[in-house]
Number of protein chains: 2
Amino acid sequence: MKKLLLISNSILYGQGYLEHCKSDIRNFLKGIKEILFIPYALKDYDAYAKTVNDYFSTIDISVKGIHTTDPQTSIVEASSLFIGGGNTFRLLNELYKLDIIEAIRERVINGMPYIGSSAGVNVACPTIKTTNDMPIVYPPSFNGLNLIPFQINPHYIDADPRSTHQGETREQRLKEFCEENNQSVIGLREGAWFWIENERTTLKGKTGAKLFKQDGTTYEFKEGDIVEI
Amino acid sequence: MKKLLLISNSILYGQGYLEHCKSDIRNFLKGIKEILFIPYALKDYDAYAKTVNDYFSTIDISVKGIHTTDPQTSIVEASSLFIGGGNTFRLLNELYKLDIIEAIRERVINGMPYIGSSAGVNVACPTIKTTNDMPIVYPPSFNGLNLIPFQINPHYIDADPRSTHQGETREQRLKEFCEENNQSVIGLREGAWFWIENERTTLKGKTGAKLFKQDGTTYEFKEGDIVEI
């Protein structure tokens with residue numbers, strides 16, 4: 001009975017940190033008093049933990065930064081887990097270095113609520129092959145926590161028809177992914193998130209998501225849709 | 001006596017394939033009749049080779065697609081080499097799979113002219129850690145051809161002050177690279193390229209390049225500048 005909240009972006013334009021999905025975060029964690037936080041996607045763990053602590057204190061949840069603890073023990077004892085955004089390669093590399101991939105996976109598969117934002121969404125996927133991040137470190141594998149059976153591209157952005165930039169659009173990049181991999185990807189726009197519970201994936205937020213299928217076609221999901229791939 | 005032409009982008013807005021740097025490509029290859037082309041960054045090698053062949057035929061240079069030959073032999077016999085753009089991970093993975101990294105490096109270090117565009121610039125660097133591409137395949141290493149002593153970020157783009165998108169800016173991504181690596185990076189804007197010859201790196205094109213140094217400072221290079229890092 002997995003329970004995941006997978007959020008495209010931590011900051012939505014013009015709003016505070018995780019403000020745009022705050023009522024869902026509150027509902028998702030109902031009855032929970034403490035969350036274990038994994039800050040490895042950013043360089044300064046303490047500063048990052050402070051930001052996260054300030055946020056969760058407003059909904060009466062205390063935050064334990066995994067970097068201040070014995071990681072393996074903390075994961076076994078945690079009542080919920082939050083992995084925040086930053087660089088996905090740096091984050092995944094650290095999860096491998098500390099050898100906590102399997103421990104996290106086992107807890108989440110068995111029901112520990114998991115919140116991931118941005119890089120925390122990428123590592124929840126089968127692989128990190130649909131991240132937007134720069135490969136600043138070489139992890140021992142691109143395999144992620146594999147908590148869901150499809151790929152998500154967070155911060156999904158539609159091509160800007162006015163742009164003169166010639167780098168690949170996000171759509172082109174995701175189609176390249178489909179050329180090399182036998183998996184579907186959902187581009188999750190900023191302002192959207194997935195609530196996964198009781199084997200059901202519901203799309204939340206007003207901005208929607210775009211499915212890229214193996215056969216080259218696409219499909220638009222909108223707020224409230226149950227996502228089946 | 002290395003000789004490299006490293007081009008940020010193959011297509012500049014409003015122009016044809018490699019049109020914006022055509023007179024430099026012609027001068028760079030003066031006296032050369034044939035170029036060996038590596039198409040591995042795109043999926044359809046034949047279609048890619050046709051595009052490249054159509055282009056080079058206008059400056060009287062014939063193109064040999066490496067995928068139609070024995071790669072090792074072709075590299076030994078080539079009088080010049082062109083690696084085109086596409087997905088850097090797919091390209092580098094194929095170079096490893098065919099075991100031609102060292103062969104290319106040896107030829108270029110000993111003077112065979114090398115032209116790289118976009119992904120062909122990324123693989124010329126010490127590593128591909130400053131690519132913008134999506135990591136759609138997992139290469140056995142991020143180490144590149146190591147033909148130059150610094151990193152280049154092709155398709156460099158300045159942050160758009162009007163943007164509401166919250167994904168990292170290119171500048172933020174390159175600063176993250178500097179947090180994790182002991183190397184400087186040059187963001188090479190679309191429309192700019194490096195001509196490297198006689199141990200001298202000259203910046204060409206009107207759009208310029210931005211150096212990101214380890215100490216967090218930046219420096220703007222402009223057209224005609226000799227780049228020393």
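None of these values were measured; they are calculated from a predicted model. Throughout, protein chains are lettered first and strands after them, A, B, ... in sequence-line order, and every chain is numbered starting at 1. Reckoned from all heavy atoms, side chains included, excluding hydrogens, waters and symmetry mates.
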Which donor-acceptor pairs fall under 3.5 Å between chain A and chain B:
| unit_1 | atom_1 | unit_2 | atom_2 | d |
| --- | --- | --- | --- | --- |
| A/K43 | NZ | B/E179 | O | 3.4 |
| A/N87 | ND2 | B/E176 | OE1 | 3.3 |
| A/R90 | NH1 | B/E179 | OE1 | 2.6 |
| A/R90 | NH1 | B/E180 | OE2 | 2.9 |
| A/R90 | NH2 | B/E179 | OE1 | 3.2 |
| A/N132 | O | B/R173 | NH1 | 3.3 |
| A/D133 | OD1 | B/R173 | NH1 | 3.2 |
| A/I136 | O | B/N181 | ND2 | 3.0 |
| A/Y138 | OH | B/Y138 | OH | 3.2 |
| A/Y138 | OH | B/P139 | O | 2.6 |
| A/Y138 | OH | B/P140 | O | 2.9 |
| A/Y138 | OH | B/S141 | N | 3.3 |
| A/P139 | O | B/Y138 | OH | 2.6 |
| A/P140 | O | B/Y138 | OH | 2.8 |
| A/S141 | N | B/Y138 | OH | 3.3 |
| A/H165 | ND1 | B/E190 | OE2 | 3.3 |
| A/Q166 | N | B/E190 | OE1 | 2.9 |
| A/Q166 | N | B/E190 | OE2 | 2.9 |
| A/G167 | N | B/E190 | OE2 | 3.0 |
| A/R173 | NH1 | B/N132 | O | 3.3 |
| A/R173 | NH1 | B/D133 | OD1 | 3.2 |
| A/E176 | OE1 | B/N87 | ND2 | 3.3 |
| A/E179 | O | B/K43 | NZ | 3.4 |
| A/E179 | OE1 | B/R90 | NH1 | 2.6 |
| A/E179 | OE1 | B/R90 | NH2 | 3.2 |
| A/E180 | OE2 | B/R90 | NH1 | 2.9 |
| A/N181 | ND2 | B/I136 | O | 3.0 |
| A/E190 | OE1 | B/Q166 | N | 2.9 |
| A/E190 | OE2 | B/H165 | ND1 | 3.3 |
| A/E190 | OE2 | B/Q166 | N | 2.9 |
| A/E190 | OE2 | B/G167 | N | 3.0 |

Applying ring-ring contact (aromatic ring centres under 6.0 Å, His included) to B/F194 and not counting sequence neighbours gives none

Find the one option among B/G14, B/G85, B/G167 whose heavy-atom pairs under 4.5 Å with chain A are most numerous.
-> B/G167

Taking atom CZ of A/F89 and atom CZ of B/F142, what is their separation to the nearest 0.5 Å?
-> 5.0 Å

